[in-house]
Amino acid sequence: MQSINKIKDELSFLSEKQPDPFFIEGYIVGLGLTPQTVLPSVWIPKLFGDDTPDDEMHLRSLMDFYHVYMDRVMEGNLTLPIECSLSKLDLQVALRNDMPLPNYCMGMLLSLSFIEQNSLSPAQCSQLEKLRQVLSGMKSYLNAQNTFGRNCDFREQTLLAHNDLVLCIKETAYEMRFSEQCIQEAEETSSLPGFNRDQIESHLNDILNKDSQATLRLIDELITVIERELITVNFIEQFREEIENLHEAQPYFILKTRKAQIHFNLDEFDIAQCVLEELLELAPSDYYKNRYQLYNCYIKQKKWSSVSELIDKFNSCSLPDRATQLLCEYAQNGNSQKAQELKSAIKQKFPDFITLTEADSQRETNQISDALTEYLGKGGAKAWRSVEGSLFWLKV
């Protein structure tokens, strides 16, 4: 709870609604009960208001918290915060509107409003209504009286409902997301006539190829769906040793790699660096050559020791590795003997590397190797341009 309190304090400073930490927790648990994933671009403004600060680190912390609770919903191991306890002696105090339990219940009720009633089965509607009734009864002492009865034993009924609240949440999650009917409907939807997979994939590729904030938002939301439905925190822990080889994980790695590349192309090198370091931790064999982009992130930020450590870690003789080693040496030591030797070696082994000194338009008309194409795509030319005099020195 300390971390979510920190998130709340930082985000609430400029946000419109300034939600209570328990309200946030209940809201996010409620998101896990929705039959379809609610995208961050929808649920974050509804939680914090339109003036939520657009800070990458704050939002990353919030999304980490979100994914932890999505895992708990998936695994069925939810518990109420200890502060949301209830006893007959403190019933009236605990149900004040500024207390943890009412805030938790009001947060969940808000996120449950994303569920479209007309798309639910009768069983789903019944279970959802049951949960909403209990949550509404816990919003205040007066609500508890109205919901659980005005007679002398309404306190007992309130306590019983509170004791069963977690079970009610779990039953709702099952009915909304995991019942046989839900699975059957999902399979039927994917087999509907007119579902043109090639056309959809082509359209998606056209969108993902654009370096823009709109593309980043789309990628972030796709990643959110994958992290909720498959690549959860628990999944990563369970399959950490083999995750980079799992077929199911490849779309996730591709999207994260593209996310880092767009941030790099938009000169947001610190954000790109964080994503790439995370990718290399998950996939240390680096099948997607994310280290090439990370080299150039470090170079743009003049983190020369980080570049050297990463080069030494992989100890590869590929063109991007050798080009990075050469640039790193020149940037720190100028026209040293080692720099001259590295330059001579790379020109001999990769003759087309010298085209790096040409203008982009001129280079496009020449036949260049796949290795150089990959290096350029990972920001190689941008890295060299950032070191004064390097391209002229490379040419002579």
Side-chain angles (χ1 to χ4, degrees), residues 208-211 215-216 219 223 243-245 249-332 339 342-343 345-358 360 363-364 366-387 390-391 394:
L208 295 180
N209 282 333
K210 297 175 182 176
D211 292 337
T215 305
L216 276 175
I219 289 175
I223 289 172
I243 190 170
E244 63 182 322
N245 298 311
Q250 301 317 304
Y252 180 70
F253 289 130
I254 291 169
L255 286 169
K256 295 276 278 191
T257 296
R258 180 65 182 131
K259 171 183 169 73
Q261 185 178 41
I262 295 175
H263 279 299
F264 181 91
N265 292 345
L266 295 176
D267 294 341
E268 296 168 347
F269 305 116
D270 54 339
I271 300 174
Q273 175 190 320
C274 290
V275 177
L276 291 164
E277 289 174 340
E278 179 186 340
L279 280 167
L280 283 176
E281 182 179 350
L282 284 177
S285 297
D286 196 25
Y287 298 133
Y288 292 102
K289 304 297 187 292
N290 287 307
R291 70 180 183 277
Y292 298 166
Q293 194 96 64
L294 185 54
Y295 287 150
N296 296 322
C297 283
Y298 288 147
I299 290 169
K300 288 293 295 183
Q301 299 174 90
K302 302 188 185 307
K303 296 181 178 181
W304 305 114
S305 60
S306 297
V307 180
S308 298
E309 288 174 10
L310 193 57
I311 291 172
D312 292 342
K313 178 181 178 180
F314 284 91
N315 191 27
S316 170
C317 293
S318 71
L319 185 153
D321 289 289
R322 295 289 71 95
T324 301
Q325 185 182 27
L326 172 60
L327 181 57
C328 190
E329 174 63 25
Y330 177 79
Q332 296 178 94
L342 289 171
K343 179 169 72 169
I346 199 170
K347 285 184 176 180
Q348 183 175 0
K349 187 171 183 179
F350 304 103
D352 65 337
F353 182 65
I354 193 63
T355 62
L356 191 72
T357 62
E358 299 174 354
D360 292 338
R363 194 186 313 114
E364 288 174 2
N366 296 330
Q367 292 291 330
I368 61 175
S369 65
D370 291 342
L372 181 57
T373 299
E374 183 171 39
Y375 180 58
L376 293 171
K378 297 289 188 179
K382 181 180 280 192
W384 278 80
R385 292 190 192 108
S386 70
V387 178
S390 63
L391 286 174
L394 179 64

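In this structure, CG in Leu279 is found 11.5 Å from SG in Cys274, a value given to the nearest 0.5 Å. Taken to the nearest 0.5 Å, the OH atom of Tyr298 stands 4.0 Å off from the CG atom of Leu294. Atom-to-atom distance recorded for Ser306:OG and Ile311:CD1 is 11.0 Å, nearest 0.5 angstrom. The line from CD1 of Ile219 to CD1 of Ile254 is 11.5 Å long, rounded to the nearest 0.5 Å. To the nearest 0.5 Å, the span separating CG on Asn209 from OG1 on Thr215 amounts to 8.5 Å.
Checking each of Asn296, Ile299, Leu327 against Ser386 for a side chain to side chain contact (heavy atoms under 4.5 Å, CB included) leaves exactly one that passes, namely Ile299. Each of Leu216, Asp270, Leu276 was checked for a side chain to side chain contact (heavy atoms under 4.5 Å, CB included) with His263, and the lone residue meeting it is Leu216.
Looking only at side-chain heavy atoms (C-beta outward), Tyr330 and Leu394 stay at 4.5 Å or farther from each other. Put simply, the side chain of Leu372 reaches to within 4.5 Å of the side chain of Leu376, judged on heavy atoms. Looking at heavy atoms from C-beta onward, Asn245 lies in side-chain contact with Tyr287 at the 4.5 angstrom threshold.
In plain terms, the two heavy atoms of Phe350 and Cys317 that are nearest each other are CZ-O, 3.7 Å. Scanning both residues, Val307 and Tyr295, for their nearest heavy atoms gives CG2-O, 4.0 Å. Heavy atoms only, all atoms of each residue included: Ser308 and Cys328 are closest at OG-SG, 3.7 Å. Smallest separation of non-hydrogen atoms from Glu278 and Tyr252: OE2-OH, 3.9 Å. The two atoms that bring Tyr292 and Ser318 nearest to each other are OH-OG, 3.1 Å, heavy atoms only. Listed here is the closest heavy atom pair of Leu391 and Thr357: O-CG2, 3.4 Å.
A donor-acceptor pair is defined here as one N or O able to donate and one able to accept, closer than 3.5 Å; no such pair exists between the side chain of Gln261 and the backbone of Thr257. The closest donor-acceptor contact from the side chain of Arg322 to the backbone of Ser316 lies under 3.5 Å.
Within the structure, the side chain to side chain donor-acceptor pair (under 3.5 Å) test picks out the following pairs touching residues 368-380 (sequence neighbours left out): Asp352-Ser369, Tyr375-Trp384. Pairs engaging residues 287-316 under the salt bridge (charged side-chain N to carboxylate O under 4.0 Å, His left out) rule: Asp286-Arg291, Arg291-Asp321 [sequence neighbours left out].
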| task | Using the side-chain contact (heavy atoms from CB on, under 4.5 Å) rule, take Asp211 and Arg258 through it: C-alpha gap first, then chi angles, then the decisive distance, then the call. | result | CA-CA 9 Å; Asp211 292 337; Arg258 180 65 182 131; 2.8 Å; yes
| field | Test log, rule side-chain contact (heavy atoms from CB on, under 4.5 Å), inputs Ile262 and Leu266 | value | CA-CA 6 Å; Ile262 295 175; Leu266 295 176; 3.8 Å; yes
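A donor atom on one side chain and an acceptor atom on the other are found under 3.5 Å apart for Tyr288 and Gln250. Checked by atom type, the side-chain pair Gln325/Glu329 shows no donor-acceptor distance below 3.5 Å.
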